[in-house]
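See structure below.
Numbers here simply count residues along the sequence, with the first being 1. Everything numeric here is computed off the predicted structure, so don't read it as measured data.
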Amino acid sequence: MSWVHIPIWIPSPLYKPLRYIYRKFFRPSAMLPRIPNILGDRDVEYSFMIRHIPTSGGRALDFGCASSYVPLILGRWDYEVVALDRESVNHLWTFSKIRVIQGDILEDTFAWNDYFDLVTNISSVEHVGLSGRYGVEKDTPDGDLIAMTKLRDWLKKDGIMLLTIPVGKDEVFAPLARVYGEKRLPLLLKGFSILHEEYWAKISSDNRWYLVERDLALTYHADVRSWRPDQNIYALGCFVLKKV
């Protein structure tokens with residue numbers, strides 16, 4: 001059976017219920033998982049983030065928090081946390097050190113220049129400005145670069161960003177995500193120095209993530225055309241960045 005994935009624009013109020021219906025009732029049993037796929041990517045990304053959180057505390061921004069527990073981790077490390085997401089967020093916990101804000105980094109104005117000691121940007125920036133997902137209705141081709149500039153401005157002098165993103169051959173798989181390679185990755189990291197970087201990829205039929213060299217990761221053949229994670233594949237780039 002052949003499946004054709006056609007990007008469509010979905011009005012913001014309909015996106016979540018349609019996504020739920022699709023995931024619950026419209027997953028063809030004949031569409032078996034591709035091997036390898038991206039399953040397990042959050043295990044790699046969250047472990048990287050936890051390993052590199054500065055223990056000094058201060059103010060932290062979790063960008064694109066969604067329903068993850070990243071803000072709670074930062075609060076446990078004694079950070080005062082702002083959790084920012086474009087869509088409404090309903091965590092199943094509350095914590096005094098965490099403030100959740102619904103807002104659009106491209107549209108809303110926040111008085112946060114030189115404010116944060118730490119920004120966590122875990123598989124979020126690659127979606128910014130791609131209409132048809134996460135309630136985005138307007139295409140902004142350089143939305144990811146604009147967002148990174150704003151996040152850099154919001155960091156204090158010498159502030160740190162922990163960033164994870166899909167990497168591979170440069171490509172935009174609208175409306176799902178961008179994949180960063182030799183061309184766009186330097187643009188994304190402009191204004192930062194790299195304190196640490198590591199790359200992961202699935203390079204065998206066992207469907208496990210392995211640490212790999214940069215050159216292999218940035219030339220990895222990515223395919224992000226499905227709403228099902230088990231049908232998509234890319235490599236991962238994980239970075240500790242310092243504002244310069």
Side-chain angles (χ1 to χ4, degrees), residues 7-13 15-16 19 38 41-42 45-46 48-49 60-68 70-71 81-89 100-113 115-116 118-155 159-181 183-192 218 222 224-227 229 232 234-239 241 243:
I8 59 174
W9 175 79
I10 302 173
S12 182
Y15 171 72
K16 279 190 173 180
R19 180 177 61 180
I38 64 170
D41 56 344
R42 290 293 183 271
E45 293 173 306
Y46 286 170
F48 174 86
M49 181 202 72
L61 171 70
D62 182 37
F63 173 61
C65 62
S67 58
S68 81
V70 171
V81 184
V82 173
L84 176 65
D85 199 276
R86 195 183 187 284
E87 298 186 298
S88 62
V89 175
V100 178
I101 295 178
Q102 183 178 0
D104 187 332
I105 193 170
L106 299 182
E107 302 292 340
D108 297 329
T109 301
F110 302 101
W112 289 335
N113 277 11
Y115 186 77
F116 294 106
L118 172 68
V119 168
T120 51
N121 186 352
I122 307 302
S123 193
S124 294
V125 75
E126 68 267 23
H127 306 297
V128 178
L130 297 182
S131 66
R133 193 179 189 193
Y134 299 120
V136 178
E137 299 178 355
K138 177 185 175 183
D139 272 317
T140 308
D142 287 334
D144 55 338
L145 306 185
I146 296 169
M148 284 292 282
T149 298
K150 289 191 175 185
L151 293 171
R152 187 186 70 230
D153 290 343
W154 294 348
L155 280 169
I160 297 296
M161 178 187 290
L162 303 181
L163 170 71
T164 66
I165 50 172
V167 297
K169 294 180 180 179
D170 288 281
E171 193 160 353
V172 179
F173 294 94
L176 297 174
R178 300 177 181 85
V179 173
Y180 297 91
K183 295 180 181 179
R184 197 163 186 85
L185 182 60
L187 299 178
L188 192 75
L189 303 186
K190 184 178 179 180
F192 293 94
L218 297 189
V224 191
R225 304 178 193 275
S226 175
W227 292 93
N232 294 328
Y234 47 68
L236 288 172
C238 303
F239 304 89
L241 305 175
K243 177 180 178 178

Any side-chain heavy-atom pair from L185 and I165 closer than 4.5 angstrom?
-> yes
Quick one: side chain to side chain donor-acceptor pair (under 3.5 Å) partners of T164, sequence neighbours excluded?
-> E45
Between Y234 and V167 the two heavy atoms that sit nearest each other are CB-O, 3.9 Å
Over all atoms of both residues, closest heavy-atom pair of D108 and G103 | OD2-CA, 3.1 Å
So which of Y134, F173, F63 actually passes ring-ring contact (aromatic ring centres under 6.0 Å, His included) with H127?
-> Y134
Can you see which heavy atom on V128 is nearest to which on A147, and at what distance?
-> CG1-CB, 4.1 Å
Residues forming a side chain to side chain contact (heavy atoms under 4.5 Å, CB included) with N113, sequence neighbours excluded | D153, W154
Show your working on side-chain contact (heavy atoms from CB on, under 4.5 Å) between V89 and C65 and close with a plain yes or no.
-> CA-CA 8 Å; V89 175; C65 62; 3.9 Å; yes
With F48 via ring-ring contact (aromatic ring centres under 6.0 Å, His included) - residues at least two apart = H52
Go through the steps to decide whether S226 and N232 satisfy the test side chain to side chain donor-acceptor pair (under 3.5 Å), and finish with yes or no.
-> CA-CA 6 Å; S226 175; N232 294 328; 4.8 Å; no
Which atom names give the shortest non-hydrogen contact between A83 and P71, and what distance separates them?
-> CB-CG, 3.8 Å
Once you round to the nearest 0.5 Å, how far does CD1 of I160 lie from NZ of K243?
-> 11.5 Å
Can you list the steps and then say if F110 with V82 is a side-chain contact (heavy atoms from CB on, under 4.5 Å)?
-> CA-CA 12 Å; F110 302 101; V82 173; over 6 Å; no
Go through the structure and list residues passing ring-ring contact (aromatic ring centres under 6.0 Å, His included) with F192, not counting sequence neighbours.
-> none
With sequence neighbours excluded, what pairs up with T109 under the side chain to side chain contact (heavy atoms under 4.5 Å, CB included) test?
-> none
For N121, which residues count as a side chain to side chain donor-acceptor pair (under 3.5 Å) partner, sequence neighbours excluded?
-> none
L130 meets the side chain to side chain contact (heavy atoms under 4.5 Å, CB included) criterion, sequence neighbours left out, with V172, R178
Name all residues meeting the ring-ring contact (aromatic ring centres under 6.0 Å, His included) criterion together with F116; count only those two or more places apart in sequence or in a different chain, and write none if there are none.
-> W112
Residues that L176 engages under side chain to side chain contact (heavy atoms under 4.5 Å, CB included), provided they are two or more places apart = R133, V224, W227
Mind checking side chain to side chain donor-acceptor pair (under 3.5 Å) for R184 and listing every partner two or more places apart, or none if nothing turns up?
-> D142, D144
Contacts of D170 that satisfy side chain to side chain donor-acceptor pair (under 3.5 Å) - sequence neighbours left out = none
Would M49 and D62 count as a side-chain contact (heavy atoms from CB on, under 4.5 Å) if you check the C-alpha gap in whole Å, the side-chain angles of each, and the deciding distance to 0.1 Å?
-> CA-CA 11 Å; M49 181 202 72; D62 182 37; 5.9 Å; no
Can you name the nearest heavy-atom pair linking E126 to S123, along with the distance?
-> OE2-OG, 2.6 Å
Looking at residues at least two apart in the chain, or sitting in another chain, which of them share a salt bridge (charged side-chain N to carboxylate O under 4.0 Å, His left out) with D104?
-> R86
Does any non-hydrogen side-chain atom of L61 lie less than 4.5 Å from one of L118?
-> no
Note: I146 and T140 closest approach over all heavy atoms is CD1-CG2, 4.1 Å
Do the side chains of L163 and M148 get nearer than 4.5 Å, heavy atoms only?
-> yes
